[in-house]
Every structure is written in C-alpha cells, then in structure tokens.
Amino acid sequence: VLTILLVYSASAQAAEEAAQTNVHKNRIAVMSFQSLTSEENGGNTVFCPICGIGSASGKILEGAEQTVEEIFVDRLRKVKDIELIPSEKVQSVYKRISSEKLKEPFIDNLKKVGKELGADYIATGFVYRYVERVGYKYSSEHPASVIFEIHLVKTSDGSAIWRGYFDKTQKSLLEDIFQIASFFKGGAKWVTARQLTEQGMDEVFESFPKF
C-alpha cells in the first residue's frame, strides 16, 4: 500500500508541474517609446497616434523616452503570467515593417509586428513633456514636470485594452494642499523628473490588466 501511495504522490506532483509548465503566458512586445512635441505655431497640444486624444506638451529632456520605457519595463517584469519578447527582436521587426509600409496607419504596423513576433499584445508609449527639476531636494527654483502615455494593444484586432496616462508638475503644499499625499510620498522634498516618473508609473499600473 505504501508503494502505491508513493507512486501516486510522485505522479500527482509530476502532473501538477506539467500543468504549471503549460500555463499560457501572455507574450508582450514593447515598442520603443517616442517623444512627441506639437508642431510649430500649432499651440502646445499633441495628439496620441493610437487613441487620438489631445494632450498638453512641452520641453522634453534628451533621452526621456528611454527613461520612461525603462521604468515601464521594470514594472512590467513584475506582472505575473507574461513573457516579454526581447527588445532587439521587436525593434528589428518594427524597423523593417514600418520602412516597407510608410503610409500605413501606426496601429496597422503595430498589428503586423505583433503577429510576426507571435505576441499577444504590444505595448508602446509616448512622452509629451519631461522637464528636470532645477534646484535641490528641499529648495527648488523650477519643479520637475512629466507627461507620458502608454497603451497596451491587442495584436489580433488592434484594440487598445489599456491606457496609462500621467500628467504632473510637482507643486509645493502652499500651492496645492490637495497634493499632500504625493508630496510626502516623495519624501516631503522636491523630486527629480525620474522620481516623478516612477511615482506616475506606480499610479498608472494600478489599473494595468490582470492576466
């Protein structure tokens, strides 16, 4: 009887491990984030290439899009049941497809990239403003200001199933008492643009899909 129980236990464990191995992980491709600014003499409004919603824009620090993408990917790695497709492979496929289909709508190119990569979803983002703090932790001449937008697009039909949008310029408590929570979240000091981005990423991820 003991032998039978041991054999059954080993078989059950093997079956459970096999089931866990076969659990489908949603494959996500992350496109390189882009910095977008409004056209000259066109005001300060810029429109999202995916949803078409207008947003305020402004100065963008060089390399800001890579910073926002890096922070996004870092948060994405902590989401269960997803598999990230290597960035180099994603960018290579997108570069080829976009060069072949110059006049194709942006969303159509994303769908083609996703299907070729075998991705369930494609994530991409846009930076509309990224201004660094001028000053120090406890005394700032100009505060950090960040606006970014991220979309998660379903490869099969091109529908955007999630939108993360963040727009904030840090203010002192004297300027806006309603920002007391975020001010103390930043250590009751003037944060850098990266720190503000990290706060914003945590906020938008609160609504990220549960796979």
Side-chain angles (χ1 to χ4, degrees), residues 23-39 45-58 60 63-130 146-168 194 196-211:
V23 170
H24 173 70
K25 287 193 173 184
N26 293 279
R27 304 188 78 226
I28 296 180
V30 179
M31 293 293 307
S32 292
F33 283 24
Q34 302 176 44
S35 291
L36 298 180
T37 56
S38 58
E39 298 292 333
T45 300
V46 63
F47 296 92
C48 173
I50 292 180
C51 65
I53 297 176
S55 173
S57 66
I60 300 176
E65 64 276 13
Q66 286 94 345
T67 299
V68 178
E69 179 185 342
E70 173 195 331
I71 295 171
F72 171 71
V73 170
D74 180 64
R75 299 297 191 280
L76 201 57
R77 293 186 191 281
K78 299 174 184 177
V79 178
K80 293 181 179 180
D81 299 328
I82 71 166
E83 175 188 346
L84 282 176
I85 297 174
S87 177
E88 308 77 35
K89 189 175 182 180
V90 177
Q91 310 321 325
S92 175
V93 172
Y94 177 72
K95 184 177 181 180
R96 174 173 53 78
I97 287 179
S98 60
S99 64
E100 293 173 353
K101 307 289 185 181
L102 292 176
K103 295 183 179 181
E104 289 284 333
F106 182 66
I107 195 69
D108 288 347
N109 282 337
L110 288 189
K111 287 165 58 179
K112 288 184 175 68
V113 171
K115 288 177 180 177
E116 182 165 328
L117 292 169
D120 297 296
Y121 304 95
I122 289 189
T124 191
F126 310 98
V127 179
Y128 303 138
R129 182 191 296 146
Y130 202 92
V146 172
I147 304 178
F148 66 80
E149 180 172 10
I150 306 171
H151 284 278
L152 188 64
V153 176
K154 193 173 182 179
T155 299
S156 60
D157 59 11
S159 60
I161 67 166
W162 175 76
R163 174 181 183 251
Y165 182 81
F166 180 75
D167 175 359
K168 182 166 289 186
R194 184 185 180 92
L196 189 59
T197 302
E198 290 173 341
Q199 288 182 21
M201 201 64 71
D202 288 337
E203 288 183 19
V204 300
F205 256 81
E206 291 178 2
S207 64
F208 194 80
K210 302 293 190 296
F211 293 110

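Note: hydrogens, waters and symmetry copies are ignored here, and every other heavy atom, side chains too, is used.
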Margin query: Quick one, Ser32 and Gln91 - any side-chain contact, counting heavy atoms below 4.5 Å?
Written below: yes
Notebook entry, point to check: Hey, are the side chains of Tyr130 and Thr67 touching, using non-hydrogen atoms and a 4.5 Å cut-off?
Noted result: yes
Item checked: Atom NZ of Lys210: over 12 foreign heavy atoms under 6.0 Å -> yes
Next item on the list: Not counting sequence neighbours, which residues clear salt bridge (charged side-chain N to carboxylate O under 4.0 Å, His left out) with Asp108? List them please.
Entry: none
Check: Looking at CD1 of Ile60 and CD of Gln34, how far apart are the two atoms once the value is rounded to the nearest 0.5 Å?
Finding: 11.0 Å
Notebook entry, point to check: CD of Glu69 to CE of Met31: how many Å apart, nearest 0.5 Å?
Noted result: 9.5 Å
Check: Please walk me through it: do Lys154 and Lys111 pass side-chain contact (heavy atoms from CB on, under 4.5 Å)?
Finding: CA-CA 8 Å; Lys154 193 173 182 179; Lys111 287 165 58 179; over 6 Å; no
Note to self: Working to the nearest 0.5 angstrom, can you tell me the gap between Cys51 SG and Tyr165 OH?
What the structure shows: 9.5 Å
Item checked: Full working for side-chain contact (heavy atoms from CB on, under 4.5 Å) between Val153 and Ile107 -> CA-CA 9 Å; Val153 176; Ile107 195 69; 3.8 Å; yes
Item checked: Plane angle bin for Phe72 and Phe205 - parallel if under 30°, tilted between 30 and 60°, otherwise perpendicular -> tilted
Check: Once the angle between the rings of Trp162 and Phe208 is folded into 0 to 90°, is it parallel (under 30°), tilted (30 to 60°) or perpendicular (over 60°)?
Finding: perpendicular
Next item on the list: Taking Arg27 for its side chain and Ile82 for its backbone only, find out whether a donor-acceptor pair lies under 3.5 Å.
Entry: no
Note to self: Would you compute the distance between atom OH of Tyr128 and atom CZ of Phe47 and round it to the nearest 0.5 angstrom?
What the structure shows: 10.5 Å
Item checked: pair Val113-Ile122: side-chain heavy atoms closer than 4.5 Å -> yes
Checklist line | Shortest non-hydrogen contact from Leu196 toward Lys168 | finding: CD2-O, 3.4 Å
Note to self: Per the salt bridge (Lys or Arg N to Asp or Glu O under 4.0 Å) rule, what does the pair list look like for residues 112-122, sequence neighbours excluded?
What the structure shows: Arg96-Glu116, Glu104-Lys112
Notebook entry, point to check: At what distance, to the nearest 0.5 angstrom, does OG1 of Thr155 lie from CG of Leu110?
Noted result: 8.5 Å
Note to self: For a 4.5 angstrom cut-off between non-hydrogen side-chain atoms, does Leu84 reach Leu76?
What the structure shows: yes
Check: Are any of the side-chain heavy atoms of Val146 and Arg194 separated by less than 4.5 Å?
Finding: no
Margin query: Quick check: do Ser55 and Ile147 have side-chain heavy atoms less than 4.5 Å from each other?
Written below: yes
Check: Do you know which two heavy atoms are closest between Thr37 and Gly58, and how far apart they sit?
Finding: CG2-O, 3.9 Å
Note to self: Using the side-chain contact (heavy atoms from CB on, under 4.5 Å) criterion, which residues pair with Glu65? Sequence neighbours excluded.
What the structure shows: Phe33, Ser35, Val127
Notebook entry, point to check: Do you know the tightest heavy-atom contact between Leu117 and Ala29?
Noted result: CD1-CB, 4.0 Å
Check: Taking C-beta and beyond as the side chain, do Val30 and Ser87 meet within less than 4.5 Å on heavy atoms?
Finding: no
Checklist line | Pairwise side-chain contact, Leu36 with Pro49, heavy-atom cut-off 4.5 Å (strictly under) | finding: yes
Notebook entry, point to check: When you look at Val204 and Arg163, which way does the side-chain contact (heavy atoms from CB on, under 4.5 Å) test go after all the steps?
Noted result: CA-CA 8 Å; Val204 300; Arg163 174 181 183 251; over 6 Å; no
Notebook entry, point to check: Between Phe148 and Asp167, does a side-chain contact (heavy atoms from CB on, under 4.5 Å) hold up when you go through it step by step?
Noted result: CA-CA 7 Å; Phe148 66 80; Asp167 175 359; over 6 Å; no
Notebook entry, point to check: To the nearest 0.5 Å, what is the distance between OG1 (Thr197) and CD (Glu70)?
Noted result: 10.5 Å
Margin query: Any side-chain to backbone donor/acceptor pair from Ser98 onto Tyr94? Under 3.5 Å, distance only.
Written below: yes
Note to self: Please give me the minimum heavy-atom distance between Arg129 and Ala56, naming the atom from each residue.
What the structure shows: NH2-CB, 3.9 Å
Note to self: Could you report the tightest heavy-atom contact between His151 and Ile50, atom names first, then the distance?
What the structure shows: CB-CD1, 3.7 Å
